[in-house]
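Data block below; observations after.
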Number of protein chains: 4
Amino acid sequence: MSPKVSDEYKTMMREKILEASITLFSRKGYHETSMDDIVEESGFSKGAIYGYFDSKEALFIELQKKFATLNYLELKAVIDKEKTALAKLERTADLVFASMCEVSEEMCLMDLEFQVASSRSPKMRKQHRFQQMAVMKLLEDTIKEGIESGEFRKEVDANSLAAILISAIGGLSNLMVTAGIKFKWDKIKEALVSTVRSGITV
Amino acid sequence: MSPKVSDEYKTMMREKILEASITLFSRKGYHETSMDDIVEESGFSKGAIYGYFDSKEALFIELQKKFATLNYLELKAVIDKEKTALAKLERTADLVFASMCEVSEEMCLMDLEFQVASSRSPKMRKQHRFQQMAVMKLLEDTIKEGIESGEFRKEVDANSLAAILISAIGGLSNLMVTAGIKFKWDKIKEALVSTVRSGITV
Amino acid sequence: MSPKVSDEYKTMMREKILEASITLFSRKGYHETSMDDIVEESGFSKGAIYGYFDSKEALFIELQKKFATLNYLELKAVIDKEKTALAKLERTADLVFASMCEVSEEMCLMDLEFQVASSRSPKMRKQHRFQQMAVMKLLEDTIKEGIESGEFRKEVDANSLAAILISAIGGLSNLMVTAGIKFKWDKIKEALVSTVRSGITV
Amino acid sequence: MSPKVSDEYKTMMREKILEASITLFSRKGYHETSMDDIVEESGFSKGAIYGYFDSKEALFIELQKKFATLNYLELKAVIDKEKTALAKLERTADLVFASMCEVSEEMCLMDLEFQVASSRSPKMRKQHRFQQMAVMKLLEDTIKEGIESGEFRKEVDANSLAAILISAIGGLSNLMVTAGIKFKWDKIKEALVSTVRSGITV
DNA sequence: GATGAATGAGTTTTCATTCAT
DNA sequence: TATGAATGAAAACTCATTCAT
């Protein structure tokens, strides 16, 4: 009697469009992906897509939000599960390197797109900043915990180290997809972990 | 008649166009910069620019090449000047952080543009890869030197560490311009240097 | 089962939709008003509106009909109430200027929309023509009455004068809303009435 | 040696585009005329048209300006040629009715388009107001002249009468194209002139 | 070689109308 | 009969590139 659909239905449709967009944005990049591409890939009509998202940019921003939230939650879960600070950091490394290694390049490419977009649009920068800060805080707090518990040296600068760690990981991800370097992730992880470990533990 | 004069002239003209393009690409990004913008900023005519460069993309690639070459040479000069491996790494850190700190964001934004472009175009990726590899080799060799000279521990993985260092620095640069974070560069540098130092020195 | 109830109900619904549309068409114009605007303003669903009107244009035509009929009846009532031809014309002036002055610009803007639409669509032109002719006839007959009763000069061309009067009034209305001129309606009316009076009375 | 073209050339091209646009705007109306229509009618490419005009609206505004300027100058020339105020008004009537009669409906339709546009866009309203005011002033001054010279009665309200005259003429033009009424222009003119004459002359 | 007017495919977005429910 | 999600043609506008002069 009514085409009024449930909220779940709507969410599902949005999800489908976002799904199709990820594929395209990561494969071709934001600018090279046209709404027509999304129409074709998603199977929706133009009007339908604009019914769910105000604009191409809005769709992209939504995507970033979704992405970052997932990453954050995943990381938080891992950190919360461990007891010692060192273990938390090591599990974090495991998680991050596993995702770079397995999930292939799609995610890293998406991430790069988000970065450029954030460097140009104040709106996206604000969001990106918020997300990066949240992740950094997670690491920073973990390091501080380690200092307080006596695991790490007192003179360690938690804030700076967190920034460095997050940057190193982001940088490796970028390097992989921009330079096409096939890293030996095991060795890289081992090097990072051992350097940091001997660099900060008592 | 004299090809030399003609070539010098050509090079000068090309240089002027590249100069104008840097400003625009870093300020607005590759896609948002139009050839008309470059015409206006450079003072050249459209035809002239197309006389010097085959396409917008070719101009951009040329720019990347110029950029990377300069960076490489600058870094090499610094490294060659020092004696000990540790000093080489420390001077490298000085150079890199000074440029991020002083030259402000223009260069970092340019770099980000190069990264995305490299992730999309095989031609640019090849070039980017070559450049990154060259810089990585510089660091790797320095670390190996340190190991051989007894400065660094034998078990240090030179190759991986070089990749991590270059990634950390690239990542910090990106984070600054994408998240708008105002890092305290002094503290970051200190943290990076001291962590690495105590992480790898004997 | 009972068609009468159904019809009344239908008419009421149509009336509500028309009401909402007037507001929008006069405020934003025909082209700038979307069916979605009407949906929002009227509170009806899209399907409902299309159930009552075949198309946006049909709705608009209906509106014009309603509008013109009201105007005609109002004018006729005024004219019928008076005895002498001069008084009829003067009361007409009173009515017309009062409405321009009070009802403000909404009606004038609507009228302008009807005019353009009439200039483009044969269907609307036919309707507009019929309505304008009816009003003109009212004035023409009044003038003829005046001539026959000896109030007005014999050589007065009733038909032409009616056209002029109706045009002057329409023109003033248009000028107000298109040029944003704030007329001193009292003085304008006085000038019109006195010029016509001394121009046609014996 | 250079495709740099003269200013005359540019003006000529603009003129051609404007010419094609008049035809379309008057035939189909502003909204119903697409840039593709103008491309086809003018023979120019889309890019070329946008090279000469910033937008569809800008093109339309330019057209209005051109139109109004011509009308004003034509009217001014006629008025300046005559000596007595009455003759000036009569020649004005001649000019106006001749143009409505001869130039057919194209101009009147254009005018109607300008009116609606002016009722919606502040920019166009400003321009329209300025033009209408200029014409009104011409009439007002003429009437004032007549009063001072003793041709017209002292109690005539020059300002109001000018507004009425300009409205009557505009209204007749509109009525012709919106109601499709075939006026007998000779008789209308005669009626207007004689009514005004006996209504204001001493 | 130099110029910049011209090209036109391609972009994002809108909106009257339909129709499955 | 009512609903509003879906449609898709059409709109305004952009811009890398070409080429007549």
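To find a chain, count down the sequence lines: A is the first, B the second, and so on, and within it residues start at 1. Scope of the values below: all heavy atoms of this structure, side chains included, with no hydrogens, waters or symmetry mates. Small disclaimer: the values here were computed from a predicted structure and weren't measured.
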Between E:dA20 (P) and A:Met13 (CE): distance, integer Å: 17 Å
Rounded interatomic separation in angstrom, taking NZ from C:Lys10 and P from F:dT1: 6 Å
Please classify the nucleic acid contact of [X] as base, sugar-phosphate, or nothing, using heavy-atom distances under 4.0 Å.
X       : value
B:Tyr50 : base
B:Phe53 : nothing
D:Lys46 : base
B:Gly51 : nothing

Interface residues of residues 20-34 of chain C with DNA chain E (non-hydrogen, below 4.0 angstrom): C:Thr33, C:Ser34
Whichever of D:Tyr9 and B:Tyr52 has its nearest DNA chain E nucleotide further upstream toward 5':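 Closer to the 5' end of DNA chain E: B:Tyr52.
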Dot-bracket encoding of pairs in DNA chain E, which uses [ ] for pseudoknotted crossings and | for another strand, Watson-Crick or G-U under 3.5 angstrom: .||||||||||||||||||||
Given DNA chain F, 5'-ward residue of the pair D:Lys56 and B:Asp36, judged by closest heavy atom: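 The 5'-side residue here is D:Lys56.
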Donor-acceptor pairs are to be reported for all side-chain atoms of residues 51-59 of chain D against protein atoms at under 3.5 Å, with residues two or more places apart or in another chain.
residue: D:Ser55; atom: OG; partner: D:Glu57; partner atom: N; Å: 3.4
residue: D:Ser55; atom: OG; partner: D:Ala58; partner atom: N; Å: 3.1
residue: D:Lys56; atom: NZ; partner: D:Tyr30; partner atom: O; Å: 3.0
residue: D:Lys56; atom: NZ; partner: D:Thr33; partner atom: O; Å: 2.8

CE-OG distance between A:Met110 and A:Ser26, expressed to the nearest 0.5 angstrom: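 Here the rounded value is 6.5 Å.
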Distance-only polar pair, side chains of B:Gln64 and B:His128, donor-acceptor under 3.5 Å: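 Short answer, yes.
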